[in-house]
Amino acid sequence: MIAPAQRPDARRHLLGIGGLSPQEITALLDLSEAEVAVSRQTEKKKSVLKGRTQINLFFEASTRTQSSFELAGKRLGADVMNMSVASSSVKKGETLIDTAMTLNAMQPDILIVRHHSAGAVALLAQKVACSVVNAGDGAHEHPTQALLDALTIRRHKGRIARLIVAICGDVLHSRVARSNILLLNALGAEVRVVAPSTLLPSGIEEMGVRVFRRMDEGLKNADVVMMLRLQRERMEGAFVPSVREYFRYFGLDAAKLAHAKPDALVMHPGPMNRGVEIASEIADGPRSVIEEQVEMGVAVRMAVIETLLARAEGNT
Ligand code: NCD
């Protein structure tokens with residue numbers, strides 16, 4: 001599912017954080033810094049991707065990720081087309097490949113793909129001639145989210161190595177958690193996950209994280225508190241007794257945040273369920289960097305698209 005480093009064409013895709021070296025991650029973060037500066041200028045447009053075509057192919061509804069990729073492509077000078085496919089769960093494989101082949105015939109240079117099934121984006125990448133970016137596949141990976149989170153952290157803390165990062169909440173259904181665990185471990189952070197047993201994938205310890213089932217213990221001395229959305233749309237049956245109960249034990253409020261370091265950052269990938277996994281006063285409070293994460297998202301996506309196309313065109 002993850003692009004193996006030995007596959008000769010793997011470098012023209014970004015299918016996951018798995019398969020990236022720490023050096024490659026750092027290079028993407030460094031280029032993202034330059035893209036932040038571009039986005040803060042009055043004239044926000046580069047011409048590196050002039051004449052290139054980017055297609056955003058979203059099989060799952062998305063507002064922020066799709067618009068972030070759209071702006072990223074446009075700021076690089078590409079022509080961007082959005083395709084939202086309301087996919088039926090029947091004949092999924094066929095639909096996916098058919099759509100891929102149709103788009104491939106239109107000669108795009110890069111495809112940004114979100115799909116509700118883990119592995120679907122990697123499968124599609126094998127069928128098309130252009131670069132592919134995984135914008136989230138099921139509960140598998142969401143690599144640009146982990147990169148934008150790392151960029152946000154690095155800009156505040158100056159580094160990733162040796163920071164204590166607590167990832168809290170619905171780890172079971174979260175591609176954001178998986179990609180973050182891989183990236184933060186690759187760059188030498190101490191990663192913790194904090195969740196009720198029902199929301200922890202079995203064997204999560206094997207990913208190199210410490211597991212906590214209580215917020216006070218998991219947040220102790222944390223430099224970063226990363227909250228996850230309770231993904232109720234992915235749940236069949238009762239994973240949590242009630243939303244009120246969940247907030248009481250796992251929702252981030254002032255009392256729980258007091259266990260983290262006084263200068264701890266509060267993060268959330270969005271969209272937030274206020275009053276479910278995070279209290280409004282914390283989401284809008286002085287330690288929250290949630291809006292900044294959105295800004296970093298555009299910059300990171302610019303860096304990823306620019307890097308992949310430079311490789312595909314043999315410029316690196
Ligand atoms: C995340 C996703 O889709 O995986 N959101 C996002 O990319 N904006 C997290 C989530 O949906 O909870």
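Each ligand, and each atom within it, is numbered from 1 in the order the structure gives. Worth knowing before you read on, the calculation uses all heavy atoms, side chains too, and leaves out hydrogens, waters and symmetry mates.
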| query | Please walk me through it: do Arg213 and Leu200 pass side-chain contact (heavy atoms from CB on, under 4.5 Å)? | reply | CA-CA 9 Å; Arg213 289 178 177 80; Leu200 282 167; 3.9 Å; yes

What I'd like to find out is whether the side chain of Val113 reaches to under 4.5 Å of the side chain of Phe59, using heavy atoms alone.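 In contact.
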
Query raised in the report: Does any non-hydrogen side-chain atom of Leu147 lie less than 4.5 Å from one of Leu29?
Result: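 Yes, close enough: below the 4.5 Å cut-off.
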
### Message
Is there a polar contact, in the sense of an N or O pair closer than 3.5 Å, between Gly270 and ligand 1?
### Response
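N/O-N/O distance below 3.5 Å exists for this pair.
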
At less than 4.0 angstrom from any non-hydrogen atom of [X], what atoms of ligand 1 do you find?
X: Val176; value: 1 (C), 4 (O), 9 (C)
X: Thr65; value: 6 (C), 7 (O), 8 (N)
X: His142; value: 2 (C), 4 (O), 6 (C), 7 (O)

Please state which part of Arg114 comes within less than 4.0 Å of ligand 1, counting heavy atoms only: side chain, backbone, both or neither.
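The part of Arg114 near ligand 1 is the side chain, not the backbone.
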
Exercise for review: Would you indicate which of Arg64, His173, Arg175, Glu60 comes nearest to atom 2 (C) of ligand 1 when only heavy atoms are counted?
Suggested key: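 It is Arg175 that holds the nearest heavy atom.
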
Original post:
Checking Arg114 against Phe58: charged group under 6.0 Å from the ring centre and within 45 degrees of the axis?
Top reply: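 Geometry flag: not set, cation outside 6.0 Å or 45°.
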
- Could you go through the side-chain contact (heavy atoms from CB on, under 4.5 Å) check for Gln145 and Ser179 one step at a time? CA-CA 8 Å; Gln145 179 69 45; Ser179 290; over 6 Å; no

Q: Take every heavy atom of Gly136, measure it against each atom of ligand 1, and state whether any distance is under 4.0 Å.
A: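 Under 4.0 Å: no for Gly136.
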
| query | For Glu313, which residues count as a side-chain hydrogen bond (donor to acceptor under 3.5 Å, both in side chains) partner, sequence neighbours excluded? | reply |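 For Glu313 the side-chain hydrogen bond (donor to acceptor under 3.5 Å, both in side chains) partners, ignoring immediate neighbours, are Arg52.
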
